[in-house]
Structure formats: C-alpha cells, structure tokens
Amino acid sequence: MDLREANVLETNGGAVAVATAFSSHQEAVQDRDHKFLTKAVEEAYKGVECGDGGPFGAVVVRNDEVVVSCHNMVLRCTDPTAHAEVTAIREACKKLKQIELSDCEIYASCEPCPMCFGAIHLSRIKRLVYGAKAEAAISIGFDDFIADALRGTGFYQKAHLEIKRADGNGAIIAEQVFEKTKAKFQMY
C-alpha cells in the first residue's frame, strides 16, 4: 500500500496504516451502485404502471454510462422469457452491435432467476448488482424464481416438469450437429 494515500497512526507496536483511500473508493462504488440500482427500481415501477409486466427492472452500464434501462415485458410481449434482465441484455447487444458484454455491468432490481442469471453469464457481463432478494418476489406470488436452482434447496420449487435426455439416434444426431458445424463458430 502506498502510505501517501493513507493516514498513519502511531501505536505502541509501531506504525499502522489506515487505508482512507480504499475507504473513499468503497464509498464511491457504493454511491455509483446506488445510482444505477435506483434506476433499475424506477424501471420496475414503470413496467407495472404501464402494464408491461411484473415489478422488475434492469440497467446495463458501460463506462459509467447507461447503455439501456429496461423493465419486465412478459405481459406486453406475451413472452415468459421477457424478464427485465433478458430484455436489457437483448437491447444492449442490439445497441452495441455485439453478442458479448464483457465491458458492461448489470443492475437488477431483484435477485435474478436462473434464466436471467444464465443470460447474464452467457453475455459475459463482468458484474451484477441486485437489490431485493428473490423471497421478496416469491412472497407476492412470483414462483418462477425457483430459488432452489441457485441455492440448492427445494423449498420454493413448484414446477412439475419431466426432464429426459433423448435415447439412441436422437442423442447421437443432436450431438453431431456440434461436431459438424464447429468450424463455422468461433464465438469468443
């Protein structure tokens, strides 16, 4: 640590550095996070007020600038995948004309569901900041969070879905598509 950026206090055992520079950096990050999270929460209210969907908002930020600010569009688009985070990622990719957002952050009004978390991961977003815990949404009837998928518990799981891998030739031909097309896809 650079002692020019810290206060030095004398103690009986010698000098102890107090990292005031680190402390002010943390406060700046906290203020910045609060600013963008507030924007995500405003989007959540906006989406409910106009009837587009549930109370969820998301903001994609790059270089301290808002790229897009979106809310849940499930009802408006009649699309169960049109969650705020997915919508924000889609719009940010279109606006920036790229499929990966590794130089971006996302601020979500609520803890992302597994689908949204997957979209955040696949888009290579470097940082996620969320406000409310999933339980806040679950408590008012949103059961699509399936918090157990992220936490390893089955308490909130309500879906009854059979999942089966195809047998025989179905599995083989599905796997072959990757081998036969790999030369055409250099993703990252």
Side-chain angles (χ1 to χ4, degrees), residues 28-48 50 52-138 142-152 156-157 159 161 163 165 174-175 177-188:
V29 169
Q30 195 172 30
D31 289 346
R32 185 178 166 282
D33 286 352
H34 180 75
K35 172 181 144 184
F36 293 124
L37 190 57
T38 298
K39 182 87 172 140
V41 170
E42 289 168 358
E43 276 292 335
Y45 281 115
K46 181 179 167 184
V48 171
C50 64
D52 287 345
F56 306 97
V59 176
V60 175
V61 174
R62 181 170 77 168
N63 300 327
D64 288 336
E65 303 262 337
V66 173
V67 176
V68 294
S69 182
C70 298
H71 53 263
N72 184 291
M73 300 287 286
V74 168
L75 298 176
R76 182 174 197 194
C77 296
T78 319
D79 178 357
T81 70
H83 290 196
E85 299 92 333
V86 171
T87 301
I89 289 167
R90 288 173 180 161
E91 293 301 315
C93 288
K94 283 180 197 171
K95 186 173 183 178
L96 298 173
K97 297 178 178 16
Q98 58 192 48
I99 63 166
E100 64 101 41
L101 303 171
S102 61
D103 57 348
C104 296
E105 302 167 278
I106 191 164
Y107 291 81
S109 62
C110 189
E111 181 178 9
C113 72
M115 176 187 69
C116 292
F117 183 79
I120 291 165
H121 173 74
L122 290 172
S123 69
R124 305 293 194 257
I125 286 177
K126 67 180 177 180
R127 186 167 182 257
L128 159 68
V129 177
Y130 69 88
K133 293 185 79 169
E135 286 80 6
I138 292 166
F142 287 91
D143 65 354
D144 59 334
F145 273 80
I146 315 172
D148 60 293
L150 295 176
R151 299 190 186 137
Y156 295 108
Q157 190 171 17
L161 171 67
I163 300 173
R165 182 167 183 257
E175 287 182 5
V177 72
F178 296 101
E179 185 61 34
K180 290 179 178 181
T181 63
K182 70 181 177 185
K184 294 182 183 205
F185 292 97
Q186 300 301 317
M187 298 296 285
Y188 301 103

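Note that CZ of R32 and CG of D64 are 4.0 Å apart. Values are rounded to the nearest 0.5 Å. If you take CD1 on I120 and NZ on K126, they are separated by 15.0 Å, rounding to the nearest 0.5 Å. Between T87 atom OG1 and D52 atom CG the span is 9.5 Å, to the nearest 0.5 Å. Note: E111 CD to C116 SG = 11.0 Å, rounded to the nearest 0.5 Å. One finds the NZ atom of K39 at 4.0 Å from the OG atom of S69 (value rounded to the nearest 0.5 Å). Note that CD of E100 and CD1 of I89 are 12.5 Å apart. Values are rounded to the nearest 0.5 Å.
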Step by step, work out the side-chain contact (heavy atoms from CB on, under 4.5 Å) result for V129 and E105.
CA-CA 8 Å; V129 177; E105 302 167 278; 5.6 Å; no

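In this structure, H71 and G47 approach most closely via the heavy-atom pair CD2-CA, 3.3 Å. Here the closest non-hydrogen pair linking P112 and L128 is CG-CD2, 3.9 Å. Residues F56 and A84 approach most closely at O-CB, 3.5 Å, considering heavy atoms. Nearest heavy-atom pair, A82 versus C77, reported as atom, atom and distance to 0.1 Å: CB-CB, 4.5 Å.
Within the 4.5 Å cutoff, no side-chain heavy atoms of C70 are placed close to those of R90. Counting heavy atoms from C-beta on, the side chains of I106 and V60 come closer than 4.5 Å. Taking 4.5 Å as the limit, every side-chain heavy atom of K35 sits out of range of all side-chain heavy atoms of Y107. Using a 4.5 Å cut-off on side-chain heavy atoms (C-beta onward), D103 and Q98 make contact. The side-chain heavy atoms of R124 and L101, taken from C-beta on, include no pair separated by under 4.5 Å. A heavy-atom distance below 4.5 Å is found between the side chains of C104 and R62.
Note on R127 versus D33: salt bridge recorded, some NZ/NE/NH1/NH2 to OD/OE distance being below 4.0 Å.
Within the 3.5 Å criterion, the main-chain N or O of E65 finds no donor-acceptor partner in the side chain of N63.
For A44, the side chain to side chain contact (heavy atoms under 4.5 Å, CB included) partners two or more places apart in sequence, or in a different chain, are S109.
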